[in-house]
Amino acid sequence: MEKITVIPPSTTIDRRLGLNLLYQMMLIRRFEEKSAELYTKSKIRGFLHLYIGEEAVAVGVIQALTAEDNVLATYREHGHALARGMDAGVIMAEMYGKMEGCCRGRGGSMHLFDVGKRFFGGNAIVAGHLPMSVGMALASKKLKKSNITCCFFGEGAAAEGEFHESMNLAALWNVPLLMVCENNLYAMGTAIRYSHAVQELEKKGAAYGIESAAVNGMDVLEVEKAARAAVEKVRSTGKPFFLVCNTYRFRAHSMFDAELYREKSEVEEWKKQDPIPALRTKLMELQLITNNDIGSLEQKIENEVQQAVDFAEKGTLEPLEQLTRFVYSGPG
Amino acid sequence: MEKITVIPPSTTIDRRLGLNLLYQMMLIRRFEEKSAELYTKSKIRGFLHLYIGEEAVAVGVIQALTAEDNVLATYREHGHALARGMDAGVIMAEMYGKMEGCCRGRGGSMHLFDVGKRFFGGNAIVAGHLPMSVGMALASKKLKKSNITCCFFGEGAAAEGEFHESMNLAALWNVPLLMVCENNLYAMGTAIRYSHAVQELEKKGAAYGIESAAVNGMDVLEVEKAARAAVEKVRSTGKPFFLVCNTYRFRAHSMFDAELYREKSEVEEWKKQDPIPALRTKLMELQLITNNDIGSLEQKIENEVQQAVDFAEKGTLEPLEQLTRFVYSGPG
Amino acid sequence: MNAGNDHIKLTYREALKQAIREALSKDDRVFLMGEDVGRYGGSFAVTKGLLQEFGPERIMDVPLSESGFVGAGIGAALSGLRPVVEVMTVNFSLLAMDQIVNNAATLLYMSGGQLNVPVVIRMSTGLGRQLAAQHSHSWEPMYAHIPGLIVLSAGTHGDARGMLLTALQSPDPVIIFEYTAMMNLEGTLPGHPETVNITKAGIIKEGKDISVITYGAGVYKSLDAANELSGSGIDAEVIDLRVLRPMDMETVFNSVKKTHRALLVEDAWGSVNIGAEVSARIMENVFYDLDAPVQRLCGAEVPMPYPKHMEDASVPQKEDIVAKLKKMLQHG
Amino acid sequence: MNAGNDHIKLTYREALKQAIREALSKDDRVFLMGEDVGRYGGSFAVTKGLLQEFGPERIMDVPLSESGFVGAGIGAALSGLRPVVEVMTVNFSLLAMDQIVNNAATLLYMSGGQLNVPVVIRMSTGLGRQLAAQHSHSWEPMYAHIPGLIVLSAGTHGDARGMLLTALQSPDPVIIFEYTAMMNLEGTLPGHPETVNITKAGIIKEGKDISVITYGAGVYKSLDAANELSGSGIDAEVIDLRVLRPMDMETVFNSVKKTHRALLVEDAWGSVNIGAEVSARIMENVFYDLDAPVQRLCGAEVPMPYPKHMEDASVPQKEDIVAKLKKMLQHG
Ligand SMILES: Cc1ncc(C[n+]2csc(CCOP(=O)(O)OP(=O)(O)O)c2C)c(N)n1
Ligand SMILES: Cc1ncc(C[n+]2csc(CCOP(=O)(O)OP(=O)(O)O)c2C)c(N)n1
Ligand SMILES: [Mg+2]
Ligand SMILES: [Mg+2]
């Protein structure tokens, strides 16, 4: 009934797509490096979860979606928000806790929302957004809309009961949902071997009759291709699909993490697969881009990130009189 | 890693085992028929969930356990309690709400407990006892005891997140747990096709690397054999096992159920597989028992059930002064 | 109640059903999802026949997956539908509480006003059928603690039929508590369902000697007690809070300013409950109007026992209310 | 505090850790299970190094499966072990609440006194790190509502170190709330961990003008406020409730009888909270001793906003307590 799809290695790539993917990954990387720096300066507070190393996943998958599709992510979602086209300044202002942020500064790093972009968080209860994503996909089906819902979550989340219930409901109701598991091998400090009896997560699709695939999440072209195939299937069949992206986080879980649970050498080993240089090299080899292109990309991104910071710095704090506004709708 | 075990059809059976299994199933049947009668007379109140039709499962599985093993069941547990050797009178008194009941009458039909028999309920939150059963098996492992834990639950329960979490934890921690899914095709009025995307539940074991088997739950000899093999495995390997018993409930879900959701003819069809006449016929054919045996079994059971009712009738109600006793330990 | 809307007799169950039918008829975006709402006809027969009337798209049976389907309801509400999610009974709602609290109640605020969650969650609640410890909870107080939720309690036939229709006009999540024990109770209502106010407490009976403030299963009991006492010259005012969050204190304060005395009646456990909140607010706001201390009559702080005499003793009965009122008024 | 037990300076974090280490050293049946308690070192570094000291059998990292592992802790407690289960933070505890309420708190009563559940569940709680709406909850009130639980709040260093040791002697389930924001706070304690009483409230500072009754994060804030006020001639008594269930009202009533005034301080949301319960009980029991109405200072009823100024404004600060006390005493 169910099957595990084998995605053939990526083949076609043109300059436009290549530059676009590269730009997005580099923007995310730079934006987050800057965020980390701002965190140490106490400009950003709360939890800050960096996506550095995993950029290929959000970029590759979201590339395959349309503007009408719904996207849900976790607290590690700067990359997804940027890939979704949210403005870097608005995100940065949110992390500064400023009114000009996407959520008036009330959400911070873990809670980015942008209804206009159909970006639904920024959800910080692990696996708490999975059931919602099923409901959004169900609504599309009931309303006979052609948009699909794409839900990102970690391999740690897949151990929660919500994963099981959501997979079963999605399959039972036949709703257009792309479940994307970002398997970065760790849930905080817990390696996957301590959280899953079966570590090849794509095998879990069979328990629900959901077609599944695993892909090298360090290669944005492979991710994009797999996602495109998956999205195509979801859209044409109206059925869910389970895509496992095997990846790695280069940084600590959050800014509070001393990384006692893994060897530096392991991290170094994985860094050799860094998706950004990998794509850069490939595009250069294919002679689709030049050193010049890289230079101007870097410049563009530097400006963009600096403008984001400036925007956030200039932002205003929400007046305390508004503290209880939006607990309920209507005048607060 | 995981596998689905194929249980060969039952072969050996002697008079002693045959009579024993028959006696237990007949006792459960008669006890429950009596209970239903007492319910209509308002002697028993609350919810009453009958196991009629499914007797082969509890009897076959529990037969394969030792007195030291732990047993947990659902609110549909009269059969399990009796098969576990709990006294019919004590169970009946419990359903009468009398002090002489196993739980002083406080639990009623849905909450039979008997620590001496290592019978841990009688649990009425669907799937709520699954995590506990993992913990009990974990304790056996940590304390280096040789007993195993056997947890019964319905196919409806397998849709709950607790099923997923419990299966994963049991496999991850390698604990001696026998998970017995009583697939009677309905969860209240919800047929399995409306609750599970994959209806061959034994396939779910693979998602956790848990060895699994499915067995005809209408044939007590097959159940007993499969359970014996499973228990043997759990005990020798210390690993969990997932046993699906395919069965059917002949009666309504509870006394409040108008059975709008299934055809009478479907029930009649299944009644042809009634495990009690099936075993009786088989034992007769094998000339292991005679009509006389049946007669004396019936007589014995009739007495036993009547004594249980008498015991319950004569029981006393707990004084209201004790209402708050046992909210906490120590003098109430 | 407009002219030409003749009054009819109907049970509480029928009142609930009329509301659901009316809601489904009036608005295509409305659908009902819950365990056994369809083929079974609803665990308390509230929804019997609605599947046949509206079809499986509007009346969705769901698997045992409380977190999953409540979350799906939230997701569907985010996507333009108006889901009515039935959690069969409050007893199972803890499994969905994370979804209700961390998603439904939080998304509007956390997204800076972007995301409305117009979901209505119905739960039957309370005791009275000897269903024992795991099936007799009264958890209104826990939900009333949560900002972002509108919490309604249908203690009368009018509210059983009217609250849902008004709730569906709310852009914010609404919980409606319905009372299991009242299902068969008859009342008289106008012929056609109408919306009711869901912001104000209700004065069920005017009186001048003492304010009896209650909700849910306490309403008719308190009214009966007050009526009984009017013979003996005690004129009690009975107030049904109706809206447990956000509470309408104006009605309560006005009553206390008139009567100078108050008794709070509820079935919920006796600590950290609705009565505590009302008492504290009376203390804080109209202390100097009091002629005597406000008193509470609440549920005994025990997991509900099964036997009838103990269950009855676990919550305030009409006789207890009568006795308490007499005592309070002699004393004053 | 015996002679020869010299005093040492230590942080709240260190106090918690010493308790765990002592508990593990003293009793082989004790083990700690929780997300990231081992290899990561604990999300707040409380358990750092304990895995190395006690090994993986005693310090168990568990997958993200709150219902599963809390339930497993309950099961292990039923089977002779003394599990200490850490729910990383209270924010995730709703996922385990069914296990806590319907199993841990209920089994003793429901089984008629047969089943003790000696499990200790630790949760860090509260706000103060700008973690926003899903990570800043103060849910002591919800747990304090549940009969069958012993609910402790470690608002001081002494309790951070002592409560666990006493809790482990309880045959009944204990919840211990620990305060995230206090982790780095230094205090002075005797050199060796000792058990503390877990049935009585604590008088943190004696005073005669007004009783400030609080718990948890409110304790040191209230003490600071009281100390500040002693200069201006206001002599406030500060009471730390410590045990939120079952509450020690004797200490509270004695204090109110002396001071005739009370202010209740807590970070939890302002309705149906601990303060409401204390206020109601004062009303019911020592009303005629009051010179003025009891008042509350509580958390704002909002999902916690991320920005510092808004988070600070969401809960009572020392300055608010000072101002309120001044106002109440001028008024009286
Ligand atoms: C229900 C719940 N439990 C625990 C946590 C604390 N926590 C936050 S992130 C995390 C690890 C999640 O790992 P994974 O799902 O693999 O995502 P990753 O962080 O690796 O992207 C944990 C335990 C939480 N936020 N929610
Ligand atoms: C968590 C929870 N949700 C809903 C219910 C109501 N309920 C009681 S039994 C039942 C059906 C369970 O079906 P299954 O697990 O197949 O067991 P069976 O009754 O068929 O033996 C339901 C929905 C419950 N008791 N607990
Ligand atoms: Mg991960
Ligand atoms: Mg079933």
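Residue numbers start from 1 in every chain, and the chains themselves are labelled A, B, ... in the order their sequence lines are given, proteins ahead of strands.
Heavy atoms of L177(B) lying under 4.5 Å from chain D are absent altogether. Contact of L107(D) with chain B is made through the side chain alone, with heavy-atom distances under 4.5 Å. Heavy-atom distances place no part of L130(B) under 4.5 Å from chain D, backbone and side chain included.
No other option in D114(B), V134(B), L172(B), N70(B) has as many heavy-atom pairs under 4.5 Å with chain D as D114(B). For chain B, the option among M33(D), E57(D), Q99(D), R29(D) with the highest count of heavy-atom pairs below 4.5 Å is Q99(D). Between chain D and the options R118(B), M136(B), R104(B), H129(B), the largest number of non-hydrogen pairs under 4.5 Å is found for M136(B). Contact count against chain B (heavy-atom pairs under 4.5 Å) is highest for D98(D) among L78(D), D98(D), T106(D).
Across E94(B), H78(B), R76(B), E77(B), a single residue satisfies side chain to side chain donor-acceptor pair (under 3.5 Å) together with S109(B), and that is H78(B).
The closest side-chain donor-acceptor pair between H164(B) and Y208(B) falls under 3.5 angstrom. Side chains of Q134(D) and N91(D): no donor on one and acceptor on the other come within 3.5 Å. Side chains of S43(D) and D36(D): no donor on one and acceptor on the other come within 3.5 Å.
Geometric assessment of K204(B) against the ring of F242(B) yields a negative cation-pi assignment under the 6.0 Å and 45° thresholds.
Between L94(D) and Y143(D), the closest heavy-atom pair is N-OH, 4.4 Å.
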